Protein chains: 2
Amino acid sequence: MNLADHIRTIPDYPKPGIVFRDVTTLFADARAFRRAVDELVQPLAGAKIDKVAGAEARGFILGGAVAHQLSAGFIPLRKRGKLPHRTYAVEYALEYGSDAIEMHHDAIRPGERVLFVDDLIATGGTAVAAVDLLRQGGAEVAAAAFVIDLPDLGGAGRLRGLDVPVTALVSYPGG
Amino acid sequence: MNLADHIRTIPDYPKPGIVFRDVTTLFADARAFRRAVDELVQPLAGAKIDKVAGAEARGFILGGAVAHQLSAGFIPLRKRGKLPHRTYAVEYALEYGSDAIEMHHDAIRPGERVLFVDDLIATGGTAVAAVDLLRQGGAEVAAAAFVIDLPDLGGAGRLRGLDVPVTALVSYPGG
């Protein structure tokens, strides 16, 4: 099975000139979804992972499945103001302006090994902020795993520069 | 294990007089998360489920895990304007105003058996809209499963009135 065959390409979304990679078609296919989860956890065979952290919202789908596969807990990293209890927050730059992600202050016990999961890594803004947030919470960030990498945008390289091993299943050079 | 022990209660959130039931503490606990998924799928033993549909955003976490457990595909039901391809939409009333959820027009093949999953059912606004949306898409809605039921708000009863069997793991009479 070629996972890339299950990813839908939508030209000019969300704006002209952008090619959007739609993973919902992969998630909807039972065999492709299971295969993606298996391949994401394969490099971690034998490693102890206490928790999986996923970024809102598509990272929740994949993160829930990966946490289940690893028999780990799941930690949601959410946009500002969405978590009901006390949080840590990290801001990160967008093309215009900035955004923030938050995590509950008690989501992690010091030293727990956490896997960060998201559907796609591009410039890595969210992922780098997530690593910062997890480390603030006392986590050892064991690895980061993505279905899709857009390598020309450099996000995976930024994560490796932070000593986070990166797995990605489908790569689109050129975007 | 008592799953209710893993649900955090936050008084006066999001506004005074409301008691918020926070499932993130349950999701973060590996054993409680796995137990919840096991109990949610237990009534479906032997039933064929083609796809699990989850509502944005906490329903994605649980839905991803349940889909993985059932070796089913996953369908995201999202807020207006979040899905990149052509959608069906269903509007539903809120306390003030209305909201809508959307599903990709090709997420379901006619006759597929779908399980709807969310963290909590209260008045059932989202869940009833989800059932309507799934049926518009040609699904047979096999069941709906929730971690938490607030039975006094009547949502589970509304779903049963639509011939959808309902499972809920923790019930809070009185809210």
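Only a predicted model underlies this, so the values are computations on that prediction, with no experimental measurement involved. Below, chain A is the first sequence line, B the second, and so on; all start at residue 1.
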Check whether [X] and [Y] end up in the same hydrophobic cluster, where Ile, Leu, Val, Met, Phe, Trp and Tyr are linked by side-chain heavy atoms less than 4.5 Å apart.
X: A:L120; Y: A:F116; result: no
X: A:I49; Y: A:L77; result: no
X: B:V23; Y: A:I61; result: yes
X: B:L83; Y: A:F27; result: no
X: B:I101; Y: B:Y88; result: yes

Inset, instruction - Just say parallel, tilted or perpendicular for the rings of A:F33 and B:F74, cut-offs at 30° and 60°. - result: tilted
Of the non-hydrogen atoms in [X] and [Y], which two are nearest, and what is the gap between them?
X: B:F60; Y: A:A57; result: CD2-O, 3.3 Å
X: B:S71; Y: A:A30; result: O-CB, 3.5 Å
X: B:A28; Y: A:K51; result: O-CE, 3.0 Å

Report which part of [X] has an atom under 4.5 Å of a heavy atom belonging to chain A: side chain, backbone, both, or neither.
X: B:A72; answer: backbone
X: B:I10; answer: side chain
X: B:Q69; answer: both
X: B:H104; answer: side chain
X: B:R31; answer: neither

Legend entry - Euclidean distance, A:L62 CG relative to B:H68 NE2, rounded to 0.5 Å: 10.0 Å
Legend entry - Distance, nearest 0.5 Å, that separates CG of B:D106 from CZ of A:R8: 4.5 Å
Inset, instruction - Give me the contact list for residues 162-174 of chain A versus chain B, heavy atoms only, anything under 4.5 Å, ordered by residue number. - result: none
Inset, instruction - Considering only heavy atoms and a distance below 4.5 Å, find which of B:I75, B:D29, B:T24, B:V37 pairs most often with chain A. - result: B:T24
